[in-house]
Q: 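Let me give you the structure first, and then I'll get to my questions.
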Amino acid sequence: MATTSSSAVENRRTFERVAREFWNERDYDVADDAYAEEIRLHTQTEPDVLEGVEAVKEFARRYHDAFSDFELELCDVRASDDVVYGRYAVRGTHDGTLRSPDGDIPATGERIELWGLVEARFEDGRCVEEWNSTDAATMASQLGLTPGIE
C-alpha cells in the first residue's frame with residue numbers, strides 16, 4: 001500500500017483551501033498564506049507569466065468581478081510530494097465586464113460551465129509555481145463570442 005508524505009497531505013489541504021476560501025469565498029488574504037511571494041502563475045488566458053501574490057489576487061478579482069456568482073468545484077485532487085494536481089469545474093453568470101489582456105468583454109448575461117486542470121508546485125508549504133488550464137474555448141462559445149463547439 002502506498003503511503004502519502006505529510007508534506008503532500010499539507011500541500012493538498014492548502015490547495016483545497018485556495019479553492020474553497022480564495023476562489024469561492026473571495027478571501028484574498030488566503031493567498032498571502034498559500035502562495036510564496038515569488039509565485040509564478042502560468043495560464044493560457046494570459047500572454048505572460050503572472051508573478052507575485054498581488055498578481056494572483058488581481059487575476060482572481062477579474063473573474064470575480066465578471067461573474068458575481070463564480071463557483072469553483074474541485075472534482076479530483078492528487079498530491080505527490082511537492083506537487084498537487086487537480087481537475088475542477090467552473091460555473092457562473094457573466095454579469096460584469098471581464099477584463100482581459102486581449103480587450104475587455106462586456107457582460108453578456110450568459111451562464112458558463114466548464115472544466116480546468118491545475119498543477120501546483122510547493123516548497124515549504126507554499127505554492128511557488130502553478131500551471132492552470134481552463135477550457136477557454138468553451139467559455140468563449142458559451143459567452144457567444146465564438147461559434148459553438150461541436
Side-chain angles (χ1 to χ4, degrees), residues 1-107 110-140 142-143:
M1 178 182 213
T3 60
T4 304
S5 70
S6 61
S7 63
V9 170
E10 276 306 307
N11 294 341
R12 180 185 174 130
R13 284 187 186 135
T14 299
F15 185 90
E16 291 170 338
R17 180 177 178 220
V18 166
R20 183 179 59 253
E21 296 177 28
F22 178 70
W23 282 103
N24 288 337
E25 297 173 12
R26 294 169 169 74
D27 182 352
Y28 300 112
D29 292 337
V30 167
D32 298 321
D33 294 332
Y35 293 103
E37 188 56 44
E38 66 277 3
I39 177 68
R40 293 175 47 87
L41 172 61
H42 309 264
T43 177
Q44 86 276 17
T45 60
E46 300 294 314
D48 300 313
V49 174
L50 299 177
E51 297 188 36
V53 174
E54 290 306 316
V56 172
K57 289 179 186 181
E58 179 56 29
F59 179 71
R61 282 187 187 103
R62 289 194 335 232
Y63 284 90
H64 290 148
D65 290 348
F67 300 90
S68 65
D69 59 349
F70 184 97
E71 176 193 6
L72 184 144
E73 175 189 1
L74 287 177
C75 304
D76 191 25
V77 178
R78 301 279 188 263
S80 175
D81 297 322
D82 64 345
V83 179
V84 180
Y85 304 92
R87 182 175 50 86
Y88 59 87
V90 172
R91 296 174 195 85
T93 306
H94 184 217
D95 52 7
T97 299
L98 178 57
R99 293 173 284 130
S100 162
D102 294 327
D104 292 348
I105 303 168
E110 297 295 333
R111 186 126 176 94
I112 62 163
E113 185 166 345
L114 47 108
W115 60 269
L117 301 169
V118 64
E119 176 182 333
R121 187 172 61 81
F122 287 78
E123 288 179 8
D124 300 320
R126 295 175 127 182
C127 182
V128 295
E129 195 156 25
E130 184 175 294
W131 293 264
N132 192 324
S133 179
T134 302
D135 185 5
T138 295
M139 182 170 80
Q142 290 174 354
L143 295 178

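The figures that follow rest on heavy atoms only: side chains count, while hydrogens, waters and symmetry mates do not.
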Q: Kindly compute the distance separating CD (E130) from CD1 (I39), expressed to the nearest 0.5 Å.
A: 6.0 Å

Q: What distance do L143 atom CG and I105 atom CD1 have between them, rounded to the nearest 0.5 Å?
A: 6.5 Å

Q: If we ignore hydrogens and angles and just use 3.5 Å, is the side chain of D76 paired with the main-chain N or O of R87 as donor and acceptor?
A: no

Q: Please list, chain by chain and in numerical order, all residues satisfying ring-ring contact (aromatic ring centres under 6.0 Å, His included) with W115, sequence neighbours excluded.
A: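 Partners of W115 by the ring-ring contact (aromatic ring centres under 6.0 Å, His included) criterion come out as none, since no residue qualifies.
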
Q: Let me have the donor-acceptor pairs involving side chains of residues 51-58, under 3.5 Å, with sequence neighbours excluded, atom names and distances please.
A:
| from | atom 1 | to | atom 2 | distance (Å) |
| --- | --- | --- | --- | --- |
| E51 | OE2 | R40 | NH1 | 3.1 |
| E54 | OE2 | K57 | NZ | 3.3 |
| K57 | NZ | D32 | OD1 | 3.0 |
| K57 | NZ | D32 | OD2 | 3.2 |
| E58 | OE2 | R99 | NH1 | 2.7 |
| E58 | OE2 | R99 | NH2 | 3.4 |

Q: Regarding E119 and R78, does a basic nitrogen lie under 4.0 Å from an acidic carboxylate oxygen?
A: no

Q: Is a side-chain N or O of D81 found less than 3.5 angstrom from the main chain of A8, in a donor-acceptor match?
A: no

Q: Is D69 salt-bridged to R111, going by a charged N under 4.0 Å from an acidic O?
A: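 Yes, charged N to carboxylate O under 4.0 Å.
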
Q: Which residues pass the salt bridge (charged side-chain N to carboxylate O under 4.0 Å, His left out) test with E110, not counting sequence neighbours?
A: none

Q: Decide whether D95 and S68 meet the rule of one side-chain donor and one side-chain acceptor closer than 3.5 Å.
A: yes

Q: Calculate, to the nearest 0.5 Å, the distance between atoms SG and OH belonging to C127 and Y35 respectively.
A: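 Nearest 0.5 Å value for the SG-OH distance: 5.5 Å.
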
Q: Roughly how far, to the nearest 0.5 Å, is OG of S5 from CG of N11?
A: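 Between N11 CG and S5 OG, I get 7.5 Å after rounding to 0.5 Å.
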
Q: Do you know which two heavy atoms are closest between Y88 and L117, and how far apart they sit?
A: CE2-N, 3.6 Å

Q: May I ask you to decide if the ring planes of Y28 and H64 are parallel, tilted or perpendicular, using 30° and 60° as cut-offs?
A: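 The rings of Y28 and H64 sit tilted, inter-plane angle from 30° to 60°.
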
Q: Please find the pair of heavy atoms, one from F67 and one from R26, that lie closest to each other, and give the distance.
A: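 Shortest heavy-atom separation between F67 and R26 comes out as O-NH2, 3.2 Å.
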
Q: Can you find a heavy atom in the side chain of L98 that is under 4.5 Å from one in the side chain of D104?
A: no

Q: Could you pull out all residues at least two apart from E113 that satisfy side-chain contact (heavy atoms from CB on, under 4.5 Å)?
A: R91

Q: Please find the pair of heavy atoms, one from T14 and one from G125, that lie closest to each other, and give the distance.
A: OG1-O, 4.1 Å

Q: Indicate whether any N or O donor in one side chain lies under 3.5 Å from an N or O acceptor in the other, for Y85 and S80.
A: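 No donor-acceptor contact under 3.5 Å links the two side chains.
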
Q: Check whether T43 reaches the backbone of E46 with its side chain - one donor and one acceptor, N or O, closer than 3.5 Å.
A: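 No; judged by distance alone, with no hydrogens or angles, the pair does not exist.
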
Q: Nearest 0.5 Å, what's the CD-CZ distance between E10 and R126?
A: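 Rounded to the nearest 0.5 Å, the CD-CZ separation comes out at 13.5 Å.
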
Q: Just to verify, what does D33 make a salt bridge (charged side-chain N to carboxylate O under 4.0 Å, His left out) with, not counting sequence neighbours?
A: R17

Q: Stepwise, does the side chain to side chain contact (heavy atoms under 4.5 Å, CB included) test hold for L41 with F59?
A: CA-CA 10 Å; L41 172 61; F59 179 71; 3.8 Å; yes

Q: How close do A79 and V84 get, counting heavy atoms only, and between which atoms?
A: CB-CG2, 4.1 Å

Q: Could you pull out all residues at least two apart from E16 that satisfy salt bridge (charged side-chain N to carboxylate O under 4.0 Å, His left out)?
A: R12

Q: Nearest 0.5 Å, please: how far is CZ in R20 from CZ in R13?
A: 11.0 Å

Q: Under a 3.5 Å distance rule, please check whether Q44 uses its side chain to pair with a backbone N or O of T134 as donor and acceptor.
A: yes

Q: State whether the side chain of H94 and the backbone N or O of G96 hold a donor-acceptor pair below 3.5 Å, judged by distance alone.
A: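 At least one qualifying donor-acceptor pair exists.
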
Q: Is a side-chain donor or acceptor of D27 paired with a backbone partner of F22 at a separation under 3.5 angstrom?
A: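 No: the side chain of D27 does not pair with the backbone of F22.
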
Q: Could you check if a side-chain atom of T45 sits within less than 4.5 angstrom of a side-chain atom of Y63, using non-hydrogen atoms only?
A: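 In contact.
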
Q: Contact between V18 and W23 at the side-chain level, heavy atoms closer than 4.5 Å - yes or no?
A: yes

